[in-house]
J.: 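Could you have a look at this structure, given as structure tokens, before my questions?
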8 protein chains.
Amino acid sequence: MSDFVLDVPRAERIGFGEAVFCAGKSPAQIDAILDDAAGRRLPMLLTRLDDDKYRALRHASALDYDALSRTAYAGDATPAADYGVAIVTAGTSDVPVAREAARTLAFYGFGAAQIDDVGVAGLWRLMRRIEELRAYKIVIVVAGMDAALPTVLGGLIPGCIIAVPTSVGYGVATGGRAALDAMLASCAPGVVVVNIDNGYGAACGAMRVARLFFFEKKNQKTFTSLG
Amino acid sequence: MSDFVLDVPRAERIGFGEAVFCAGKSPAQIDAILDDAAGRRLPMLLTRLDDDKYRALRHASALDYDALSRTAYAGDATPAADYGVAIVTAGTSDVPVAREAARTLAFYGFGAAQIDDVGVAGLWRLMRRIEELRAYKIVIVVAGMDAALPTVLGGLIPGCIIAVPTSVGYGVATGGRAALDAMLASCAPGVVVVNIDNGYGAACGAMRVARLFFFEKKNQKTFTSLG
Amino acid sequence: MSDFVLDVPRAERIGFGEAVFCAGKSPAQIDAILDDAAGRRLPMLLTRLDDDKYRALRHASALDYDALSRTAYAGDATPAADYGVAIVTAGTSDVPVAREAARTLAFYGFGAAQIDDVGVAGLWRLMRRIEELRAYKIVIVVAGMDAALPTVLGGLIPGCIIAVPTSVGYGVATGGRAALDAMLASCAPGVVVVNIDNGYGAACGAMRVARLFFFEKKNQKTFTSLG
Amino acid sequence: MSDFVLDVPRAERIGFGEAVFCAGKSPAQIDAILDDAAGRRLPMLLTRLDDDKYRALRHASALDYDALSRTAYAGDATPAADYGVAIVTAGTSDVPVAREAARTLAFYGFGAAQIDDVGVAGLWRLMRRIEELRAYKIVIVVAGMDAALPTVLGGLIPGCIIAVPTSVGYGVATGGRAALDAMLASCAPGVVVVNIDNGYGAACGAMRVARLFFFEKKNQKTFTSLG
Amino acid sequence: MSDFVLDVPRAERIGFGEAVFCAGKSPAQIDAILDDAAGRRLPMLLTRLDDDKYRALRHASALDYDALSRTAYAGDATPAADYGVAIVTAGTSDVPVAREAARTLAFYGFGAAQIDDVGVAGLWRLMRRIEELRAYKIVIVVAGMDAALPTVLGGLIPGCIIAVPTSVGYGVATGGRAALDAMLASCAPGVVVVNIDNGYGAACGAMRVARLFFFEKKNQKTFTSLG
Amino acid sequence: MSDFVLDVPRAERIGFGEAVFCAGKSPAQIDAILDDAAGRRLPMLLTRLDDDKYRALRHASALDYDALSRTAYAGDATPAADYGVAIVTAGTSDVPVAREAARTLAFYGFGAAQIDDVGVAGLWRLMRRIEELRAYKIVIVVAGMDAALPTVLGGLIPGCIIAVPTSVGYGVATGGRAALDAMLASCAPGVVVVNIDNGYGAACGAMRVARLFFFEKKNQKTFTSLG
Amino acid sequence: MSDFVLDVPRAERIGFGEAVFCAGKSPAQIDAILDDAAGRRLPMLLTRLDDDKYRALRHASALDYDALSRTAYAGDATPAADYGVAIVTAGTSDVPVAREAARTLAFYGFGAAQIDDVGVAGLWRLMRRIEELRAYKIVIVVAGMDAALPTVLGGLIPGCIIAVPTSVGYGVATGGRAALDAMLASCAPGVVVVNIDNGYGAACGAMRVARLFFFEKKNQKTFTSLG
Amino acid sequence: MSDFVLDVPRAERIGFGEAVFCAGKSPAQIDAILDDAAGRRLPMLLTRLDDDKYRALRHASALDYDALSRTAYAGDATPAADYGVAIVTAGTSDVPVAREAARTLAFYGFGAAQIDDVGVAGLWRLMRRIEELRAYKIVIVVAGMDAALPTVLGGLIPGCIIAVPTSVGYGVATGGRAALDAMLASCAPGVVVVNIDNGYGAACGAMRVARLFFFEKKNQKTFTSLG
């Protein structure tokens with residue numbers, strides 16, 4: 001008897017399906033889940049899939065795998081369209097987390113612009129992009145260390161800002177708690193936050209917002225009852 | 001020479017104005033800020049204004065003060081309209097934080113439904129409201145202790161969910177860190193989080209999203225350049 | 001002279017014998033303990049026995065070893081009977097800890113049903129099993145991350161609930177403190193908790209309760225005096 | 001419209017009703033809940049009710065209030081019977097928490113023996129009571145500071161042990177985290193733990209176990225379906 | 001026999017004398033120290049002197065007391081001169097700590113410009129002062145909450161930057177640890193930090209630097225040997 | 001029935017009797033303990049007895065009370081003799097904790113020299129006393145903040161050093177954890193540590209050592225068996 | 001030029017010489033120190049010397065190395081004599097730390113009895129040794145997890161007790177903070193504590209005490225002045 | 001499109017250029033940055049470059065690499081001159097961090113004296129160098145464990161003191177938080193602090209100060225406007 005239960009109706013309930021969190025699962029468990037999904041013709045997103053574990057999968061060759069973000073697609077992703085989402089990083093070391101967000105969005109059909117290395121210790125890098133950033137409906141901001149970028153950005157742009165702290169850094173920055181707390185304590189009003197290194201969660205939060213605009217009519221049809 | 005600088009153009013940049021965070025400010029400092037705002041005919045929202053400090057203000061009689069949420073309005077609030085926002089509490093002790101969110105939204109013209117005491121230890125209380133909750137575009141969820149409500153809700157409704165941990169509780173719950181961490185670690189995808197007891201911040205986050213739908217055209221006019 | 005002292009009369013005092021906690025012990029130390037136990041014809045349960053250490057044991061081939069739960073049996077386990085115990089996991093990644101509980105129970109003769117992957121982010125998975133769960137006398141609930149499952153369950157079933165937080169997760173969930181605190185702060189009354197990843201301890205707690213029903217008469221004979 | 005929803009069917013679901021956690025609630029809110037309960041002829045247990053708040057209640061004179069444990073009864077408690085429960089304290093400073101447990105048990109009809117000041121720094125105090133303690137089915141152990149008592153007790157008695165850490169102490173003991181962690185890390189197998197100062201929760205945990213013996217038949221009738 | 005020993009030669013060793021930290025000292029102890037200092041004709045700086053304690057001092061009327069910064073001068077301060085020091089605050093709530101720094105500097109003869117409320121959530125407030133700030137040799141930056149100001153400033157000005165976190169805020173900001181960690185983890189190179197709310201220490205750090213320029217010749221005479 | 005059990009034979013077992021820790025006990029509880037002790041003609045030491053609680057005691061007038069250290073003697077203390085013990089403080093704010101140690105020692109007949117305000121930020125204050133300090137067998141060192149004194153002292157004197165961290169300070173020093181950790185991590189070998197603000201415990205530790213020299217013969221008679 | 005300075009006169013000042021803490025030092029650095037010591041004919045104790053680093057040393061073959069305790073002797077240890085020291089462990093996993101203490105004592109000529117696996121979850125193991133333990137002047141107690149042993153022991157024996165927490169364990173016990181805090185908060189009076197896993201420090205603390213008895217006369221000669 | 005933006009004008013703004021923090025960057029990312037810098041003829045400093053990653057660089061052979069400090073120079077460093085800077089370590093294990101500071105200073109043309117192993121547990125090692133240390137304008141102090149050195153030094157020398165905590169140590173010292181907090185809580189006035197193990201940041205802080213003296217005239221020319 002299997003030790004997992006795919007939440008297949010999740011997409012109907014909340015608008016996007018369950019992803020497979022691969023940390024703490026064995027290759028055998030992941031392959032079993034992929035078998036089940038394949039049987040249901042259900043495309044799946046896999047997150048936190050380390051390179052070694054990826055190589056150990058029976059399904060490896062059938063996956064669209066990205067090592068930097070440790071994500072994989074099983075089955076076809078939805079064709080991407082523009083919904084006004086941007087992903088911004090403070091530094092190059094934040095790129096893997098940003099890419100997890102980008103790959104999650106892409107899997108579900110949401111294109112996203114990526115603007116890298118605009119940390120505020122070199123303020124001009126941000127300021128030359130600020131008019132551009134003000135045009136986005138949703139901005140995912142990925143930053144570690146002192147995480148000052150969301151505060152500066154939050155005071156300059158009107159859109160929805162989802163801040164993602166990263167575990168980049170050493171000393172008091174180790175593990176990302178300093179970045180997380182700085183984001184939660186931000187002086188810029190209305191910045192919302194997700195867990196450390198949680199690019200996936202930021203993307204899901206962005207999709208909840210983006211779907212409001214674009215799928216509104218369809219929603220009224222889809223989200224009828226909980227059965 | 002004054003020790004404050006009102007960020008008057010904030011409303012133009014991000015869509016809503018600066019509020020006065022009264023904790024750590026003396027009545028004299030707050031009165032000086034209110035003088036300045038009055039001179040500019042700028043309505044102001046005041047947060048974290050304890051009853052004692054409120055009574056000590058020279059401007060007290062001119063304020064619309066609410067003791068439960070420790071908020072006050074100076075000048076007229078914007079007439080409220082319905083933008084699909086709900087505020088949900090897990091328990092009665094979470095109501096003051098929820099009310100800070102409601103009062104913030106109301107000041108800027110955003111009406112909000114309030115649904116109280118639907119914590120998941122008595123699941124039927126939530127389930128009988130769930131169809132209703134699925135209709136809201138934005139749901140602010142206020143919960144302390146184990147903060148399990150956003151996870152259950154996050155798996156059942158498609159809208160934007162902003163979770164606010166509260167400092168209610170004792171032992172490991174003291175100060176709200178347990179509730180905050182549970183929300184950040186939520187297994188429901190796309191729940192976004194603000195600081196502990198930060199009803200104000202949750203409301204601002206909600207406004208960033210709500211304005212995207214309703215003020216989109218106006219925005220294109222307002223948010224032109226940073227000057 | 002040996003550096004261990006088997007607590008042989010423990011079974012007489014509390015109803016079940018000492019287990020060997022293998023973390024922090026060398027293979028030589030573990031083999032010495034097994035020699036001693038074998039001399040006394042005492043079956044032994046071994047916990048936290050990593051695969052590498054298991055392979056390094058002189059006694060390896062004589063053990064009934066389970067890699068997933070890192071447990072081993074030396075000597076024969078008691079034949080299992082049904083005492084109304086269930087083990088529930090929130091997600092697939094919690095299964096190794098659940099299996100440590102199951103293997104501990106089985107060693108002492110307590111059968112246990114296992115119900116997996118019923119985390120409340122997909123509430124239907126739990127609800128379809130809830131009538132079944134209400135029939136168990138003792139339910140061990142294994143969950144990581146936000147650990148919302150015990151709260152929902154605690155409001156729905158009348159039996160004894162022993163919650164086990166797991167160290168699954170990243171960011172604020174790292175190490176399991178967030179899950180532990182959420183369980184301790186649970187709004188559902190009477191949920192009791194053991195250490196993070198402590199499947200063994202949850203099983204022992206369950207046996208203390210289960211023995212009350214089934215061994216009551218025998219107990220009055222066995223637990224006479226401390227000698 | 002009220003900001004609370006009594007979980008009236010809780011008693012049917014889990015065997016005992018909802019209590020009112022008074023910390024963080026205003027006297028007006030508590031009185032409103034008592035009005036509602038009175039209208040339904042529902043007896044209520046109130047916890048964490050400080051003396052000052054108690055005196056401010058409109059319902060004060062109708063309550064059976066105990067200042068030491070900060071608990072009150074509204075309506076009649078169930079007549080108490082002996083179900084084999086004992087409450088043990090390590091020191092005199094732990095008595096208020098122990099009394100919260102005793103009052104909770106008594107409200108629901110469970111008598112409990114109380115054995116005070118048997119902390120293991122003076123081991124003889126415990127040892128002269130140990131035969132007596134071995135006769136109880138369920139022992140609630142309340143201890144602060146180093147919380148060594150549950151470990152010693154856990155190695156000597158066979159019954160169900162529920163450990164309650166207290167916030168008594170200074171320095172590293174402040175707030176009770178040291179006591180909590182010592183209990184969770186206990187070397188005695190099967191000790192289960194509740195939140196710091198949570199006498200109420202320990203009593204509820206004890207009732208979940210005690211009801212298994214005594215109400216078994218009634219349960220099969222009561223716990224039929226969730227409706 | 002007295003329970004204090006004035007470190008009179010400290011000024012010779014390090015360039016400025018010992019201050020009296022009044023927290024944790026009784027009025028009688030402080031008066032005794034002031035008696036001793038008066039006998040030696042030694043001017044003294046007092047810090048962390050709460051209003052109540054100040055009023056209880058026998059020496060109260062002879063002190064130059066400032067309630068906002070909780071500092072007092074006994075004896076004459078050195079006439080102030082300009083050494084290129086500025087003190088910057090992110091918000092009005094940070095002013096008391098900034099004033100402790102200013103009063104410390106003033107006592108030893110160092111004038112300081114104060115620039116308030118230039119937090120980066122309203123970036124224009126800082127940018128209009130930035131050319132001015134680039135002219136200072138030493139800038140003390142006082143900020144709480146997310147403490148993003150030192151990072152932005154650190155990337156824009158060449159002078160010595162001493163960051164002081166404040167305990168202003170709630171939730172994760174409580175006590176100032178979030179602000180401290182953000183400053184220590186700053187992406188702007190060469191920002192140095194002192195303890196939370198330590199305006200006094202920041203001023204002393206500034207004096208160590210400022211004296212290098214202005215007193216260099218005198219130093220070579222003063223700092224001869226440790227005797 | 002009483003809620004305390006005096007550990008009367010403790011003095012026989014370990015060489016000194018039980019003290020009454022008054023924090024968390026009501027005046028009525030303390031008076032009851034004093035009644036019991038008086039009935040047995042047992043002198044008692046009381047610690048953590050705040051001034052208000054002291055005044056509320058029925059036994060107040062019969063006690064030798066010291067407000068600074070919050071200690072009281074009931075009955076006669078043992079006449080003090082010199083056993084080579086010194087108590088050293090880093091600063092004046094550490095004196096209350098030092099005095100708790102001194103009063104504890106005095107109650108049991110151990111005189112102690114007190115050397116105050118020799119913190120190492122003004123090293124000469126310590127160095128002029130160092131030869132004197134090298135003559136003591138046991139040195140209790142009381143220090144808060146950075147707690148650097150035990151490390152310097154530990155490298156200079158051969159005797160037994162018991163370090164007591166104090167909760168004096170603000171910011172990172174709040175509560176004394178920084179001082180405690182610095183003492184535990186001391187680079188000077190063989191410094192032993194007690195809980196924050198635990199002057200009583202340091203004195204007891206000192207007595208365990210001092211008794212070894214002076215009471216050795218008597219011990220062999222006293223400490224015969226545990227009965 | 002070398003990056004170390006041997007503290008050769010330490011033995012004259014405090015009674016025993018400097019040891020080499022090998023963690024964080026390269027084999028080359030350690031070999032250089034050993035060269036220097038050899039040149040001075042100074043025997044050296046090395047601690048925290050991992051097996052791999054030991055093998056990489058040029059001096060390896062000349063060392064008396066013990067892998068379990070990660071200690072090595074360079075040159076001859078002092079012949080051991082009996083000074084009334086015992087080392088007690090709660091469990092087998094604590095033995096490596098106990099052995100570091102034993103090897104440190106032995107290097108300086110102090111014999112020590114070792115009594116293993118007497119943790120209080122099986123109280124009889126301790127009680128059968130308690131008369132024996134009461135005869136020791138100094139007892140080093142090594143325990144992890146809940147660290148209840150020092151409290152029980154501290155209430156039963158009169159000698160000097162030095163408690164060493166160990167990092168053994170998982171969940172809340174990880175790293176040893178729970179054990180450390182339990183020891184510091186011990187209800188048994190006069191238990192003194194050293195850093196986690198610090199067998200070396202406990203031994204040095206024991207030597208400071210033991211030398212008081214046995215070397216008193218010699219001390220008066222040795223510890224003359226600081227030169 | 002590249003994922004980095006070199007902050008080329010940083011040197012003009014703050015006096016020294018951007019360094020490449022290599023932790024969290026892939027060899028490919030670092031090589032791309034070096035390509036860009038080479039194209040601009042911009043010398044670069046690389047920090048936190050582990051040996052393995054260094055070897056994997058395409059640019060490896062062109063770098064001046066130092067394994068101990070994990071730093072590398074791309075292009076020519078500025079010829080070093082004496083600006084009165086010293087770097088002091090408490091112990092040999094602190095040398096790698098000190099060397100990171102030294103290499104950073106050297107890259108920008110600042111020579112620095114290095115004085116090692118003068119920790120205050122052997123106070124004479126520091127005292128014999130103290131007159132020498134009093135002559136330096138800026139002293140970087142690198143220390144782990146209890147970090148007592150900056151406090152002693154801060155009371156003896158008049159110059160600017162920048163303290164760097166290190167992560168050396170075990171138990172409570174693990175990760176360096178104890179050392180950091182001790183430095184922040186230092187009783188010596190005006191000691192300023194940087195992040196744990198942040199030799200680079202300490203050097204940058206020193207350069208901000210040193211440049212004030214030596215480059216003052218040049219500065220007035222360089223730091224004109226922000227463009």
Side-chain angles (χ1 to χ4, degrees), chain E residues 1-14 16-33 36 47-48 50 70 96-97 100 144 164-168 174-181 183-184 193-202 204 225-227, chain F residues 51 66-70 86-102 112-130 132-133 142-147 149 165-179 182 196-197 199:
Chain E
M1 190 186 159
S2 102
D3 57 6
F4 67 89
V5 183
L6 277 186
D7 187 5
V8 179
R10 180 178 293 183
E12 271 183 53
R13 292 195 319 270
I14 70 169
F16 47 90
E18 192 181 13
V20 182
F21 175 70
C22 298
K25 292 196 179 67
S26 68
Q29 286 177 315
I30 299 168
D31 272 321
I33 294 172
D36 187 347
T47 64
R48 306 268 158 170
D50 286 325
R70 293 181 293 160
V97 174
E100 188 189 65
V164 192
T166 64
S167 57
V168 167
T174 305
R177 193 50 107 159
L180 170 65
D181 286 356
M183 285 168 166
L184 288 166
V193 184
V194 296
N195 195 7
I196 298 158
D197 290 335
N198 192 7
Y200 167 75
C204 292
S225 84
L226 291 175
Chain F
D51 203 68
D66 177 65
L68 184 67
S69 61
R70 295 181 291 161
I87 303 172
V88 176
T89 60
T92 311
S93 304
D94 302 318
V95 168
V97 175
R99 193 156 173 81
E100 188 188 64
Q114 188 146 348
I115 297 174
D116 285 318
D117 207 9
V118 295
V120 294
L123 194 61
W124 63 274
R125 297 181 300 192
L126 177 67
M127 296 313 281
R128 64 176 184 163
R129 308 296 292 268
I130 201 70
E132 177 186 353
L133 277 163
V142 186
M145 317 287 279
D146 53 0
L149 178 55
T166 64
S167 57
V168 168
Y170 57 92
V172 299
T174 305
R177 196 45 109 160
I196 297 158
D197 291 337

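Labels below follow one simple rule: chain letters A, B, ... track the order of the sequence lines, proteins then strands, and each chain is numbered from 1.
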J.: Flag the pair Phe21(E) / Thr92(F) as yes when at least one side-chain heavy-atom distance between them is below 4.5 Å, and no otherwise.
T.: no

J.: Taking side-chain contact (heavy atoms from CB on, under 4.5 Å) as the test, write out the residues that go with Ala178(F), two or more places apart.
T.: Asp181(H)

J.: Taking the side chain as every heavy atom from C-beta outward, state whether Val5(E) and Trp124(F) have any atom pair closer than 4.5 Å.
T.: yes

J.: Between Asp116(F) and Ser2(E) (side chain of the first, backbone of the second, donor and acceptor by atom type, cut-off under 3.5 Å), is there such a pair?
T.: no

J.: Given heavy-atom pairs under 4.5 angstrom as the criterion, report whether the side chain, backbone, both or neither of Val168(F) touches chain E.
T.: side chain

J.: Heavy-atom cut-off 4.5 Å, strictly under: side chain, backbone, both or neither for Leu6(E) against chain F?
T.: backbone

J.: Is chain F contacted by the side chain of Pro9(E), its backbone, both, or neither, given a heavy-atom distance below 4.5 Å?
T.: side chain

J.: How long is the span from the CG atom in Leu68(F) to the CD atom in Gln29(E), to the nearest 0.5 Å?
T.: 7.0 Å

J.: Might you point out which heavy atoms bring Ser93(F) and Ala23(E) nearest each other, and give the distance in Å?
T.: OG-O, 3.4 Å

J.: If you measure from CG on Asn198(E) to OH on Tyr170(F), what distance do you get to the nearest 0.5 Å?
T.: 3.0 Å

J.: Which residues satisfy the side-chain contact (heavy atoms from CB on, under 4.5 Å) test with Ala28(E), sequence neighbours excluded?
T.: Ser26(E)

J.: Would you call Asp3(E) and Arg99(F) a side-chain contact if the rule is heavy atoms closer than 4.5 Å?
T.: no

J.: Top residue by heavy-atom pair count (under 4.5 Å) with chain E, among Ala121(F), Ala173(F), Ser167(F), Gly119(F)?
T.: Ala121(F)

